Structure formats: C-alpha cells, structure tokens
Number of protein chains: 2
Amino acid sequence: MACNHSQWKKPTVWPYEIPMELHKINRQNLLSKYTDCANDVILLQGGVSLHMDDTDMDYEFRQESNFQWTFGVEEPGFYGLLHTGTKQAILFIQRYPEDYSWWMGEIQPPQYFKEKYQVDAAYYVDELVKVLEELKPNKVHVLFGENSDSGHPVCTAKFDGMDKFDIEKSRLYVDISNCRAFKSELELKVMRFCAKVSSDAHVTVMQSVKPGMKEYECASLFKHYVYSKMRSFYTAYSCISASGRGSCTLHYHSNDKEILAGELCLFDMGGEYKRYASDITCTFPSNGKFSDAQKQVYNIVLKAVLAVEEAIKPGVEWTDMHLLAERVMTEGLVELGIIKSGFTMEELEKHRVGAVFFPHGLGHLLGLDVHDVGGYTGTAENRPRLKEFGLKSLRTRRVLESGLVLTVEPGLYFIEVLIDKALNDPEVARFLDADVLNKYRHFGGVRIEDDVAIHADGAEILNRVPRTVEQIEACMAGQDWKALPDPFAKFFRD
Amino acid sequence: MACNHSQWKKPTVWPYEIPMELHKINRQNLLSKYTDCANDVILLQGGVSLHMDDTDMDYEFRQESNFQWTFGVEEPGFYGLLHTGTKQAILFIQRYPEDYSWWMGEIQPPQYFKEKYQVDAAYYVDELVKVLEELKPNKVHVLFGENSDSGHPVCTAKFDGMDKFDIEKSRLYVDISNCRAFKSELELKVMRFCAKVSSDAHVTVMQSVKPGMKEYECASLFKHYVYSKMRSFYTAYSCISASGRGSCTLHYHSNDKEILAGELCLFDMGGEYKRYASDITCTFPSNGKFSDAQKQVYNIVLKAVLAVEEAIKPGVEWTDMHLLAERVMTEGLVELGIIKSGFTMEELEKHRVGAVFFPHGLGHLLGLDVHDVGGYTGTAENRPRLKEFGLKSLRTRRVLESGLVLTVEPGLYFIEVLIDKALNDPEVARFLDADVLNKYRHFGGVRIEDDVAIHADGAEILNRVPRTVEQIEACMAGQDWKALPDPFAKFFRD
Ligand SMILES: [Mn+2]
Ligand SMILES: [Mn+2]
C-alpha cells in the first residue's frame, strides 16, 4: 500500500496529556466507598512486562486496567496503595540495575514518579512491606473475582510478606467495577477525543477501500492512523475488517481475504487513548454504492440504532433496549418477506425469531476495557444473565444512569449455520419464508455501532462517521458528507 | 500523518504462501538427530491465546517459535508429535463449541488441518493420551531449559495423563536449537523476502521523515508498511525509532520525542514474515544532510561493518568478529582524537576502551526469534559467556558455519553514564582526551545493522538499504540511490 507523506504537516495539536486530576478523582470516588474503614489499605498490583514465550521479546506493555484507572501509571512493575483513613496515595516502583540506563533509558528515582503521577509518596517495591508495617492497617483490600465478560480472574495483588496482613478480598473488585462504570467529565473528554480520532480513521479507511485490496491492508491503515495521531500502540480490540461473508463472523479477525466488488465491508475497529477505548462499526459497500438489497438491510439496522438512541435515558433498562432493537429489525425482516407476516411481535419474540439474525447483545459498557467491567454489578447485581438465545449474550442488564457509556450496535446477519438450524426447527421454521431467506444466504451481515454516553437528558454519540446511505456514498466519493442531512445530529455534543 | 491512497494499485505479487515442505525439512533435520531412538516420541505444545489480564481481549496470537519451526501452525491450542521410528508427524487440534462458528469463524475438522499442514494424521487434543498409549513410546521427549538470551524457561509440553509416560527432558531443547540455528534454502528464501520488504519500509520511512514529526509516527509508518505488504501483525521486535540523544539508549522504544532538525535518527526496525525475523538498523540525519561530525562518526561505523562482512566466512570465530569491529572503531576514535594516540591496540582492547563507546555485542543469530536460539550451543557449547565489558553482551560465541544467519550491527554511542564512568576511572581515563570527548556528549549514537547469511564462500547481505553517506542523502532527496557506488554490492545475492 503506497503511502504518500509529501503532504505531511506538523499537526497543530498533539494528543493532549491527560491531567492527573482525572485519576485523583477516580481515587476519591473509590475511597468514598470506604468511609466505614478508618484504617484500611487498598492495594493494587500494576501490570508486568509479558515476554513472548522463552524469547527475549516482550509484548508491548499494556497497563492492567484497574491500576490504570487508579493511578494512570505507564510503566510496568509498580504497586500502588490508597489509605482509607488519610486518603493518601502511594506508589511503589521497580528498582533497576545500573546497565538498565544504557539499554532501556534513564533510571528515575521515586521522587520523579511521585511528581509525574501526583501521588503523596513513592518508594521502591522492595519497601512495600516496611511501609505497610508502618501503616498497620486493619485490613488490606485486594482485587479478587471473575470478569463477567471473559470469566478470567482479576489480578490479585501478591507480594512476599503478604501473610503478615489481614487480606480482604470480598469487596474491592465490585467497588472498583461500580466506580469504573461511571465516567467523570474528564474521562468523557478523553473518550470523546479517542472516538473522534477513531472516527476520522474509519473515514480515511472508507475513502481508501477499493475492490482488490486485502482486508488486512484496511486494518493496517486504521492502526497506522490511530497510532500516528494518538501514539496508541494497541487498538482497543483486534480490528475486524470483514468483507462479504466474513461479515457474518461476529468476531472475524483473520482479515486475510481479498475485498471483492459488490461486497459489503463490515469494519469494527476502535483506537484507544491512554487505555480508554472506542468501539465503532461502519458497514459500507466495497465499491462505494449500495445495491438495492444492501440498502434495504442496512436501513433496517440504521432504524434500530436510531430507535434505541432516541429511547435511551436514565431509568431505562438495557434489556429493553435490546428488545427494542430486535423488534425494529424483526419488523424490517417481515417487510422483506424473510419473516412471514401475520404473527404478533410477542410470538416472534418468544420464539427468538429475530435472534436468528441478531444473535449477539445490543452493546456493552465501554471504558478502559472495550467490554468494560460493571455489566453485572450495580443495578444489574440481582439480574443474572438470561438464558434465551440472543439475550444470553447481553454483557449488561443494568438500568441506565447518567455517566454510563455503552455501545449501541445492533446488526443483522445471514449466518448459514443459524439459518439451517432455524429452518430445521419446526418451532422457528414456521415463521420463516425459506424461499425468500435462501436468497440472502450469501448476503453477509450489517452492523452499525456507536459509542453512547448517558446524560440526564438522554444520549450523546461520541463518534462521528457517515451513517446514512447518502452520507456513506458521498464520503466514499470524497464529497462533504457532513453537510448532508443527519438524523443523528441531535446526539452530538462537545 | 496524512496517507494518500489514491495511488493504490493491486500488487502484482501477494506475499507467497510458505510451502509446507519447509517445515517437513525442518522435521527431517530434527529427526535425523534421533536415529538412536527406535520408538520415541518428540512432543511439542503449541502456543495458546494470551488474554490481557482479566479482560475479554486477547493479544494477537503469536505461535511459539519451536512449534512454528516444526509445524508452521497458525492457530492456537495445538499439540504436535513426531515419532522417531516411523518419522510420522501428528497434530492435535482444539475442539470448539458450536457457537464458535458464528463468533470466531468456521469450525474445521482434523482432516482439514492434516491437509493444511501436510502431516500424517490429525486428532483432537483430548485424544492425545489415547494416541500416545497406542504408540507406546519408550520415551516422550519434551522441551526443557532456559533461553540463553532472556533466561526465560522454554515452554515444556504439559497435558493431563503425562505421568503415564517416561518424560525425557535432557536433550530436545538443545537438539532443536542446533537445528534452528541452521537455515535451509527454503528458510533463506523467506528471510530474503522479509528483509527485502523491511528494507523497502525503511526507505519509505527515511523518505518521509521531517523535523517536527514524532518518532512514533515513523514507527507507525514502518509497521503499516510491513503489515500491509506481508500481513505480519507483529514486527520482529519493538520498533526503535530514536532521534537525538535517544539513539544512545540501545533498546529505546518510547518513541515519543519530536524529531528535531540536525539530529541523527537511529531506526532499528524489522518486519517478520510467517514468524521469520528481519532486524535492520539505519542511521541518518533528520534533515537529509549529514553534518561533518555526523559523517565522521557514521563512516567509522560503516568501515567496521564492511570489515566484518569481508572477514566473515565459515571457520571464523564470532568473538573475533566482534573484536575486529571494536578495533576498527577504536582506530576511528583515535583519529577523531577522542582516544589518545600512542597506545597499542592490545592495551586499548585489554582495558576495554572501545567498549565504552560500543557496549553491546556485534550481533546475534537471526531466525524465528530476532535473538535466535543456539547462540551458546553447537560450536559455542564449551565457550561460556565472557566476563569483560562489551564482550559479555555477545549473544553467541559460535564458530561461523554455512547456513547460520546473524546480524552484523556495530555501533558507536556517546552514553553519558558510560563517559562519566570512564573519565572517573583512572585506568580508562588515561586513554581518553576529556576535552575532545566532552564535545560529543550530546552527539547521540550511530548503529548500522545488516542481516547476514553465511555461505561456504562468505557473507550474503539479505537487506538492501542505502548505506553510504551519498546513498542516504540521495535516498532522502528522492533520488535513485541504488545507482550510486555501493561497497556492499558484492554481498547481495538472489
Ligand atoms: Mn462493540
Ligand atoms: Mn539486532
């Protein structure tokens, strides 16, 4: 892929530094849950460098999310503690041998990190036990539990000498998850920036796609855009740049197919900035013009996005938003003749007919993790995962509250395995017109995904990419798509 | 960084598929070391997906090197075995639940992988013990040991039911390391391709660099180039795009500084293809023209590269190559007046004066790992690491043999910590002219790194980038640098 840099101009604004105030506010929020503890310590262990098997190579360092949220530390091998009584924040840093300085860079003393991260004190990790012994805490709270999306255990702080202290595992993970779910104004600012740059990257990619390109060339361009604009080494998740039938694989990421003329591209890609994620999906025709069939399916999904975003406000249940999207799309499938008419929405919903074409959840909390923590805590604490097809994939069942950020990402997919299962199940097949449906077997899928912040008065969309058919076709033709009518304009804020 | 894709043209050649023959030859080479074992099994466990802490995100999958070498398998979670008697190769694949197919992609049966990887049989991992029980091996050889560069333990195959077999850990790691060190013709082909694309990426970056850019923009462009040309998600190691004094940090990779006019850029970056690494360093002036001082230091390092590459042939000791480079550069430093004249080379070498400015090893074996295995096996088996400054960093002490691939990467660095140590040590300071040396304190560093294959008749350079001052200046000015005189031309083959 040729890349012409002759036009390179020095950007007027480099990615801004995040004020350490952001993490201070995070810490205050967490500590406010511990007013019942006069002399406890909250202890977190930061991420460590991860080597590739036995080799001399490390994966690029990516800070553990809870440590990132609490301290904003960019280096590996730290510990950090908060004192619930004095509210002090203390960092513990790695001690390096002398030759580290010419192999890896200047060795900085604790004082440097105390100032860099604006904490109350900094020591070496080998001083942790001594500091703890001086603090004499009643309890040392550490993270413990399982991530509700992945099922993986959270990183529980460990250190030599732990057995001298009363380690309390029962509450920190839930408390910090409930804090992390709600974004402060400063965090929202970062997420807006990240979503904006990622939107621009999507637009750049859309304007570059041509039949004959490989999918990975598009993912590569996206990554290049966000890395060079935000110095974000990682994207928020593995890029999905699917074309044709690959768009039916929900987490497609082999990205190795050649993009053919007439195919739909489903590009689900998001940059991250200072570990805050964006998560944006655009679906568009490889050659810049929707076919009639593509337009019909696309507009059904677009209608679902709009319906959900108009309905979003504090007090609404996320599960109901999922069902709203499913309903709008089910109606669309009835109009297409894929689902037979004459049935009530209740019947269709009960038999999970819509879920055959929309088998994933409507969206998820978004923050430092792309599938952010807190989906089944807070207002969802007593609402366990549902069992029904489609609904069981919901990553949260929360009641919406101001400060939450979620993705809204309905989709319609013609997945052969699911189509065959449906047609072979008399309980579902009776709702479907097999002849019409079979025509869509090779259609692929459409997903549209926005990043949405919940405010007291409704939804804010953080990203800005072409959404209507007219906008997409104009954008791909290099025209001013932002000047066209935009049904989502009411959701943009700044 | 703007990226103009209007010129995108469909490449005439996509990265070629590696013939499975390559891995078959690798297996034959390994099995040829086990002719004394009539009924043993060699068992390897492939890499597994690595999740990011507790989150729902995985690092992009990167196959474990020994498994890659033996089988070329691209998917996680496999096991593989070789039978020393029948010479059969058998793969064991993951079993996935039904919904994997719409989340992650089509589920393929063992037969698919048997054909894809051209092995004699394929089963599910949960059938491993049954297959082993049928084979009734005398011993099951597994990897065990420490990587000589990183000190990390190699991945030892583990599975439920292991205790039923006689597990032999004593030899496989050394045997496979000794095999991996020598590259077959098919492997060399892949490494030439990888070095060529990586060279072109370097040229693209050099032609794009402008004062005012951030270092990470350059790393990002390099990664974009190799990803979009080779679909290689990872580079062979973390990109070093250092400018100014950052070039003195040998493994610099924060890449966050603005590149200033008049600075040297030291870019040590290499792509990988099908996990085979390249490792190339170019040093050049940010604004396209060397200053006199930059030219002088650069030409000293260039002279060292040429001297080594001319001396390289089977039978030569790598340690002597290091000392040759050190000697050439020490002479250069005498000419600059940094090292006082009038001392013998033996005295200077004995007191490690050159190593103050060249504190790392001359190079390393290169293969699937950028610091490839086998550095201290084979002819280096009884030559342990040296203790002297500089020499202790040698990653191999082998005698050169046809089939080895190594980097040649001498460098001169003005590292303040090392300069101060030297000036404060009377045993070293007496060789140095402090006044002259102090003028170089902020100079930075120069490294030049080639990837060199050893043939019966001498060295082959796999990469092709501008090397002379004239070539570099022409390249950066957009001129035809390949038409200029090239003292390295004699080392190119194809
Ligand atoms: Mn999403
Ligand atoms: Mn190297």
Side-chain angles (χ1 to χ4, degrees), chain A residues 1-5 7-8 10 14 47 50-60 62 64-65 101-105 146-147 149-150 152-155 204 207-208 210 212-214 216-217 220-221 223-225 227-228 231 237-238 248-252 254 256 359 369-371 415 417-418, chain B residues 1-5 7-8 10 14 47 50-60 62 64-65 101-105 146-147 149-150 152-155 204 208 210 212-214 216-217 220-221 223-225 227-229 231 237-238 248-252 254 256 359 369-371 415 417-418:
Chain A
M1 182 178 291
C3 211
N4 185 341
H5 283 76
Q7 319 116 308
W8 185 85
K10 187 168 172 169
W14 293 107
L50 213 57
H51 47 85
M52 295 173 163
D53 303 306
D54 62 314
T55 76
D56 213 17
M57 282 277 310
D58 285 344
Y59 289 89
E60 296 288 331
R62 193 168 181 277
E64 193 273 336
S65 301
S101 75
W102 58 87
W103 284 101
M104 304 305 292
E146 265 179 20
N147 185 298
D149 280 301
S150 67
H152 298 310
V154 71
C155 165
T204 299
Q207 292 178 334
S208 307
K210 288 188 175 50
M213 281 173 77
K214 294 274 192 176
Y216 60 81
E217 292 185 80
S220 181
L221 179 56
K223 285 164 61 72
H224 178 43
Y225 193 98
Y227 188 15
S228 47
R231 192 179 166 243
Y237 51 99
S238 296
C248 277
T249 300
L250 306 178
H251 286 176
Y252 182 87
S254 62
D256 56 355
D369 296 332
V370 61
H371 296 158
I415 299 168
V417 184
L418 294 182
Chain B
M1 178 177 293
C3 212
N4 186 340
H5 284 75
Q7 317 118 306
W8 185 86
K10 186 167 174 171
W14 293 106
L50 213 57
H51 47 85
M52 296 174 161
D53 302 306
D54 61 314
T55 75
D56 213 15
M57 281 277 308
D58 285 345
Y59 289 89
E60 295 289 330
R62 194 169 180 278
E64 194 272 338
S65 302
S101 75
W102 56 89
W103 284 100
M104 304 305 291
E146 267 180 19
N147 185 297
D149 280 302
S150 67
H152 299 309
V154 71
C155 165
T204 300
S208 306
K210 289 188 177 50
M213 280 172 78
K214 295 274 192 177
Y216 60 81
E217 292 183 82
S220 181
L221 179 56
K223 284 163 59 70
H224 178 42
Y225 192 98
Y227 187 15
S228 46
K229 293 284 182 199
R231 193 180 164 242
Y237 51 99
S238 295
C248 278
T249 300
L250 306 179
H251 286 175
Y252 182 86
S254 62
D256 55 355
D369 295 333
V370 61
H371 297 158
I415 299 168
V417 184
L418 294 182

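Chain A is the first sequence line, chain B the second, and so forth, proteins listed ahead of strands; every chain is numbered from 1. As the structure is a prediction and not an experimental result, all values here were calculated from the model.
With respect to chain B, the highest number of heavy-atom pairs below 4.5 Å among A:Asp369, A:Ile415, A:Val154, A:Thr55 belongs to A:Thr55. When each of B:Ser150, B:Cys248, B:Pro359 is scored by its heavy-atom pairs under 4.5 Å with chain A, the top score falls to B:Ser150. Taking chain A as the reference chain and counting heavy-atom pairs below 4.5 Å, the highest number among B:His51, B:Met57, B:Met52, B:Lys223 is found for B:His51. Ranked by heavy-atom pairs under 4.5 Å with chain A, the first of B:Gly105, B:Ser65, B:Cys155, B:Gly47 is B:Gly105.
Below 30°, between 30° and 60°, or above 60°: for A:Tyr59 and B:Tyr59 the angle between ring planes is between 30° and 60°, a tilted geometry.
Taken from CG in B:Asp58 to NE2 in A:His251, the straight-line distance is 11.0 Å, to the nearest 0.5 Å.
Of the atoms belonging to B:Met104, heavy atoms from both backbone and side chain fall under 4.5 Å from chain A. Residue contact with chain A, scored on non-hydrogen atoms closer than 4.5 Å, involves the backbone and the side chain of B:Asp149 alike. Only the side chain of A:Val417 comes within less than 4.5 Å of a heavy atom of chain B; its backbone N, CA, C and O stay farther away.
Counting only heavy atoms from C-beta outward, the side chains of B:Ser254 and A:Arg231 approach each other to under 4.5 Å.
Considering every non-hydrogen atom in both A:Ser228 and B:Ser220, the closest pair reads N-OG, 3.7 Å.
The side-chain contact (heavy atoms from CB on, under 4.5 Å) test applied to A:Ser238 returns A:His253, B:Glu60, not counting sequence neighbours. Shown here are the side-chain contact (heavy atoms from CB on, under 4.5 Å) partners of A:Asp53, two or more places apart in sequence or in another chain: B:Glu64.
Judged by distance alone, with hydrogens and angles left aside, the side-chain atoms of B:Asn147 form a donor-acceptor pair with the main-chain N or O of A:Asp54 at under 3.5 Å.
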